[in-house]
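Worksheet: one structure, shown below.
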Amino acid sequence: MGLCTAPQSVCWCALLRKKEVDFETVSIDVLKGEHKHPDFLNHLDQFLSFKLGIIYTLYESRAIIRYYAEKYKSQGTNLLGKTIEERGLVEQWLEVEAHNFHPPSYNMVLHILFASVSGFPSDPKIIQESEEKLGKVLDIYEERLSKSKYLAGDFFSLVDLSHLPLTQYLVANMGKEYMIRDRKHVSAWWDDISNRPSWKRMLLRHKKTTNGWMYTCEQPHPPSTPILNSSIQLLECYIIRSKEPEAGVCRSDLNPSVLTLRSHNMVVKVYGPLYAAPKRVLVCLVEKEVHFETVPIDLLKGENKHPDFLKLQPFGTVPLIQDGDYTLYESRAIMRYYAEKYKSQGTDLLGKTIEERGLVEQWLEVEAHNFQPPIYNLVVHILFAPVLGFPSDPKILQESEEKLGKVLDIYEEQLSKSKYLAGDFFSLADISHLPFTHFLVANMGKEYMIKDRKHVSAWWDDISNRPSWKRVLQFGDPF
């Protein structure tokens, strides 16, 4: 179910073609509010397993493409890589696409193509700022693609597929093709992935659906009727149908800045400050009983922008891990990598079936794109504004708390049906919420947002009392 021409819908349709999976589309008209209809909203509560012979429901585009790439791994094109290390890089670049490429691209598409249709004025400042941000991302892509044919390596993957829809708008509809063409290696990469048979078939399909407007330049202005039928909302709002091990125990004779657990002999180095996103990785490593040590990176001193660090992490963000000669960044990608690499060791954080794994991926995406943005704004404007020297914005605080409240209301409903977000098992989805929810409860005077919701409160009490989280809290708290 979804928008026939929405980027996310087109993305997973292209994947299904790649995996040679039969499917049909069910159009959801967002401009008419069909995605807010009770019948549609009820679908989002149907997290049921094929094992029960009942419909399995999944949403969030990147969770959907991960699910089908895994379920049909041996069928069609292998989109996940052949090794765990290659899979780790796929996950890393999917996170880069989601958090670095997608936001500025989305803003440009929204304000250049869809502002008039959606009934709001295009903002030249947003367009300019977004183009500048996207240009910087594409510069990093240019460097990366000078070393490998595709973003995750010399193999086509979910990462490349995930870039197709919005880049198509950029090149074909917005007069911004120079952003691709002026970068030699990015241009060659685009020519390669956009000429794959699966993508060409999708373009042909949607050209017929939209009278040649969406993803083509055959008409100077979009026709009125097909827009309503095809819709242009770029939100992820569609559906595809179709005894716990103990956490590793740290040696008490060690300094708390180095946790040593039962595992292999190689020590994983985790670069970053000992708060926020790096803590996701640390908890995962403790749960998986993996040796690690931390390498502090002082963000306030700009150590993340030092040339030596940028050689490892071109975006200058943390955390980053080095595992022997293997380097990986983006916290959720790192967690996925270690949860998969040591699946049979420590706590199983991915679920026991592909369907459970799909729900873990779904809720990781919900956390990243629905929970994280408003809680991040609250943390920045309440805790970090005085430290960073900028005034806290009351409007942003109010809007962010309202948005977070709506997300937590959905969590309350989900957690009334299962002990944890992805089901009755602790997973990466729960781990990913720990660092910023801890800020909310322990440092910001916003604990009522958790405690006033019965099932959310019980969930938080459970996950925040796990030995792994208590151990990671020993690293200290900046506030």
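Worth saying up front: this structure is predicted, and the values here are computed from it rather than measured.
- Looking at residues two or more places apart in sequence or on another chain, you find a side chain to side chain contact (heavy atoms under 4.5 Å, CB included) between Asp139 and Arg183.
- Every side chain to side chain contact (heavy atoms under 4.5 Å, CB included) that Ser105 has, sequence neighbours left out, goes to Phe101, Leu134, Leu166.
- For Thr294 (side chain) and Pro296 (main-chain N/O), no donor-acceptor pair under 3.5 Å exists by modelled atom type.
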Show the atom names and distances, to 0.1 Å, of all donor-acceptor pairs under 3.5 Å that link a side chain in residues 303-311 to residues at least two apart or in another chain.
residue	atom	partner	partner atom	Å
Glu303	OE1	Asp298	N	2.7
Asn304	ND2	Gly316	O	2.8
His306	ND1	Asp308	N	3.0

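- Checked options Leu328, Ile334, Ile321; the residue passing with Val268 is Ile321 (criterion: side-chain contact (heavy atoms from CB on, under 4.5 Å)).
- Ion pairing of Asp348 with Lys343 is absent here, as no side-chain N (NZ or NE/NH1/NH2) approaches a carboxylate O to less than 4.0 Å.
- Checked against side-chain hydrogen bond (donor to acceptor under 3.5 Å, both in side chains), Thr317 has the following partners two or more places apart in sequence or in another chain: Gln313.
- More than 12 non-hydrogen atoms from other residues, nucleotides or ligands lie less than 6.0 angstrom from NZ of Lys451.
- Taking a cutoff of 4.0 Å between a charged side-chain nitrogen and a carboxylate oxygen, Lys341 and Glu91 do not qualify as a salt bridge.
- Within the 3.5 Å criterion, the main-chain N or O of Leu428 finds no donor-acceptor partner in the side chain of Ser432.
- Stacking of Arg453 on the aromatic ring of Tyr411 is not recorded, the 6.0 Å distance cut-off and the 45° axial limit not both being met.
- Within the 3.5 Å criterion, the main-chain N or O of Glu413 finds a donor-acceptor partner in the side chain of Ser416.
- To the nearest 0.5 Å, the span separating CZ on Phe315 from CG on Leu320 amounts to 12.5 Å.
- In this structure, Tyr141 has its ring center closer than 6.0 angstrom to the ring center of Trp93.
- A salt bridge links Glu340 with Arg357: at least one charged nitrogen is closer than 4.0 Å to a carboxylate oxygen.
- Under a 3.5 Å cut-off, the side chain of Asp424 and the backbone N or O of Lys419 do form a donor-acceptor pair.
- Residues passing the side chain to side chain contact (heavy atoms under 4.5 Å, CB included) test with Glu86 are Lys82, Thr83, Phe155, sequence neighbours excluded.
- Considering Gln362, Glu95, His369 as possible partners of Arg62, the one that fulfils the side-chain contact (heavy atoms from CB on, under 4.5 Å) test is His369.
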### Task
Take Gln322 and Leu312 through the side chain to side chain contact (heavy atoms under 4.5 Å, CB included) test and state the conclusion after the steps.
CA-CA 9 Å; Gln322 284 187 313; Leu312 300 173; 3.6 Å; yes
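- Scanning for ring pair (Phe, Tyr, Trp, His ring centres under 6.0 Å) contacts around Tyr326 gives Tyr337, with sequence neighbours left out.
- No donor-acceptor distance shorter than 3.5 angstrom exists from the side chain of Lys133 to the backbone of Pro104, with no hydrogens or angles considered.
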### Message
Using side-chain hydrogen bond (donor to acceptor under 3.5 Å, both in side chains), reason through His102 and Glu97 one step at a time and then give a plain yes or no.
### Response
CA-CA 6 Å; His102 188 270; Glu97 182 273 328; 5.2 Å; no
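- Between the side chain of Lys269 and the main chain of Val295, no donor-acceptor pair closer than 3.5 Å is present.
- At least one donor-acceptor pair under 3.5 Å links the side chain of Ser130 to the backbone N or O of Ile126.
- Between Phe439 and Phe384, the angle of the ring planes goes over 60°, which puts this pair in the perpendicular group of the 30/60° scheme.
- Between Tyr106 and Phe114, the gap from one ring centroid to the other reaches at least 6.0 Å.
- Taking 4.0 Å as the cut-off between side-chain N and carboxylate O, Glu330 and Arg280 do not count as a salt-bridged pair.
- Counting only distance, with no hydrogens or angles, the side chain of Ser157 and the backbone of Leu80 share no donor-acceptor pair below 3.5 Å.
- Remark: aromatic rings of His433 and Trp459 are close, center separation under 6.0 Å.
- Within 6.0 Å of atom OH in Tyr376, 12 or fewer heavy atoms from other residues, nucleotides or ligands are found, so the atom counts as exposed in its surroundings.
- Electrostatic pairing of Lys446 and Glu401 counts as a salt bridge here, judged by a charged N lying under 4.0 Å from a carboxylate O.
- Not a single donor-acceptor pair under 3.5 Å links the side chain of Thr347 to the backbone N or O of Leu349.
- A salt bridge between Asp461 and Arg466 is absent, with no side-chain N of the basic residue lying under 4.0 Å from a carboxylate O of the acidic one.
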